Amino acid sequence: MKSLSLNSSKSLTRQDYYQIITSVLMTILGGIILIRALFSGIFILTLLVGGGFLGLGIYRLSFIYRFLKGRKK
Amino acid sequence: MAQVQTTEKLELRRDVSVWGSYMWGFADVGADTYVALGLVMAYAQGAASLVFALAGIIYIMIGLAYTELASAYPVAGGGPYFTLRGLGDFWGFVGGAALLLDYTIDIALFATASAGYLNFFMPYIIGRDIGSFVLSIGPFHQVHYFWCIETLILISILIWVNIRGVKESSFLNEFIGVLVIITESALVIMGFLFAWKPEFLAHQWKTQFPSLHNFMYGSSLAIISFVGLESISQAAQETRRPATIIPRTSLTLIFTVFIFAVAFSTLGLGVLPWQEFAKHMDNPIAILAKAIPLIGFMAGPFAAGLGALILFISSNTGVMGASRLTYSLSKFGIISPWFNAVHPKFRTPARTIIIFSMIGIVETVLSFLTPSAIDTLGNMYAFGATLGYTLVFIALIKLRFSDPYTPRPYKMPLNIKIGYKGRKVDFPLLGVIGMLGVATILFMVVLTHTIGRIAGPAWILLCFIYYAWYRKKEGFPLFKSIKHNWEKEQVEVLTSAEEYDLLEQYKNALAERDKKRMEIK
């Protein structure tokens with residue numbers, strides 16, 4: 001499944017920048033939610049939300065990293 | 001069998017870009033949370049986040065199904081068109097009638113909610129709350145007449161904007177959509193950073209869990225926070241290079257909306273008690289924004305203003321969707337070509353814009369005679385959506401078998417290869433799971449929506465009377481299909497969309513099929 005499809009051409013488009021920014025924000029937010037949730041006791045729902053944000057953010061960032069690395073080559 | 005007469009003279013223009021297509025969808029789906037948050041909280045109570053997440057998972061599957069079908073068949077008809085192609089004229093009509101009901105409610109519900117967010121400012125401007133503008137009309141008490149008038153004015157503006165043309169509306173969607181994404185992101189980040197208390201969320205979950213009936217009602221209402229993917233497939237007809245653009249925009253859209261819906265409900269329950277959202281069903285996001293420390297005094301009114309705007313746009317997509325759907329249905333002999341007329345100057349389907357907006361106006365007025373206009377409209381909204389989506393899933397599965405030749409730039413994941421009539425077909429396992437999920441929500445709607453389960457089928461029946469009259473008048477079969485030349489139609493669609501690679505693939509697949517048939521003979 002192509003859940004994140006960055007532009008295949010050399011230059012990054014407005015949509016690509018949008019996806020990069022949101023991925024970074026998702027990762028930061030996920031981390032914050034997870035830390036705050038952990039400090040206030042173990043509750044599965046809060047951990048899921050935090051973990052979900054963090055996981056999705058990291059997945060998207062890894063995709064972006066591979067894409068940018070591929071462009072350099 | 002009779003051959004349908006195509007009376008269409010003017011085509012809808014293909015002038016919607018990638019960003020425009022995304023924003024068209026976001027303006028519709030993204031706005032749903034602004035309405036659904038209060039409604040769902042009122043019933044799902046401490047379990048609102050769970051309800052949003054469950055509905056969201058089903059929505060993701062619906063979204064993937066739409067992405068596959070809209071990129072393979074990029075035409076204005078959306079769900080009913082896919083149903084028509086997969087299951088024939090009658091079911092195409094049922095899907096169309098269900099969706100038309102939703103579009104008219106969309107106009108009424110979102111214009112009402114938009115006015116609700118505007119009313120957030122009332123105490124600041126005139127020193128009075130909207131609750132003080134009520135009167136009794138015969139057996140109807142506490143009628144919010146002022147709110148109703150505001151809503152009717154908003155719908156009238158939309159009628160005018162849409163008759164003027166899609167370009168103006170798309171620009172409006174794009175500009176405000178960007179503003180809303182930035183604001184929602186800021187609210188979520190600031191909210192989770194400074195106002196969210198995970199222990200409060202856990203407390204509400206443990207002590208305020210809803211009854212089974214309320215949980216089911218809340219779940220079926222939560223699906224309305226995700227209604228609007230139809231807009232992307234509606235926009236497919238007017239999008240440049242749709243087979244390339246639609247998968248990108250709709251996949252991004254699906255995940256954006258899912259994340260915002262789950263984030264807002266989780267944030268909300270960790271900031272305020274659910275009763276607060278239920279009390280302010282007309283502007284729940286503004287109430288949440290107002291509760292965020294440091295920025296709340298400014299974020300509350302700002303979110304209210306933006307909420308009013310995005311809901312206004314969402315109401316606009318209802319007007320656009322209804323007109324484009326009837327445009328498509330009339331083209332295939334489901335309803336009269338009279339609906340097919342396009343305004344000679346503005347090149348927009350002016351007749352349908354006026355007719356279905358007027359139905360939206362009637363629904364608005366009637367809903368304001370009930371104790372809660374938003375609750376009543378939301379109650380009816382879920383029926384049409386779930387019925388239409390169930391049919392779309394069935395059509396998706398059927399089309400994998402009956403039309404394997406049309407190239408699919410995107411396919412739903414989780415497919416099993418099975419043999420069918422001497423060839424391998426990808427059986428969509430996720431499509432079956434999605435169909436069962438939506439059908440379960442449809443069952444919940446019938447079980448718990450006292451107004452929707454009567455009004456929904458009554459609307460379908462009313463449409464069926466018209467359908468039967470029209471088909472009989474034209475000499476078309478009632479339950480069987482008119483002979484449509486889908487292959488010619490597909491070639492024309494791909495040519496008009498400038499999808500030449502896909503066109504070549506399609507022609508090659510057809511040629512190979514014909515060659516095999518000749519060999520067998």
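These numbers were taken from a predicted model, which means no experiment stands behind them. Naming: A, B, ... by sequence-line order, numbering from 1 per chain. For the numbers below, each heavy atom of this structure counts, side chains included, while hydrogens, waters and symmetry mates do not.
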Going by the side-chain contact (heavy atoms from CB on, under 4.5 Å) test, name the single residue among A:Leu38, A:Thr46, A:Ile33 that passes it with B:Pro198. A:Thr46
Other residues, nucleotides and ligands only: do more than 12 of their heavy atoms fall within 6.0 Å of CZ on B:Phe209? yes
Max heavy-atom pair count under 4.5 Å with chain A, selected residue of B:Ile181, B:Thr67, B:Val262: B:Ile181
Looking at every non-hydrogen atom in both residues, tell me the closest pair between B:Val188 and A:Leu29 and how far apart they are. CG1-CD2, 3.5 Å
Between B:Ile259 and A:Met26, the two heavy atoms sitting closest are CD1-CE, 3.5 Å
For the residue pair B:Ser49 and A:Leu45, establish whether any side-chain heavy-atom pair is separated by less than 4.5 Å. yes
I need the minimum non-hydrogen distance between A:Phe53 and B:Ala263, along with the two atoms involved. CZ-CB, 3.7 Å
Turns out that what part of B:Thr256 lies under 4.5 Å from chain A's heavy atoms comes down to side chain
Side chain, backbone, both or neither of B:Ile254 within contact of chain A (heavy atoms, under 4.5 Å): neither
Could you state the interatomic distance from CZ (A:Phe43) to NZ (B:Lys206), rounded to the nearest 0.5 Å? 6.5 Å
Using heavy-atom distances under 4.5 Å, tell me whether A:Leu56 contacts chain B through its side chain, its backbone, both, or neither. side chain
Straight-line distance of B:Trp205 CH2 to A:Ile44 CD1, nearest 0.5 Å: 10.0 Å
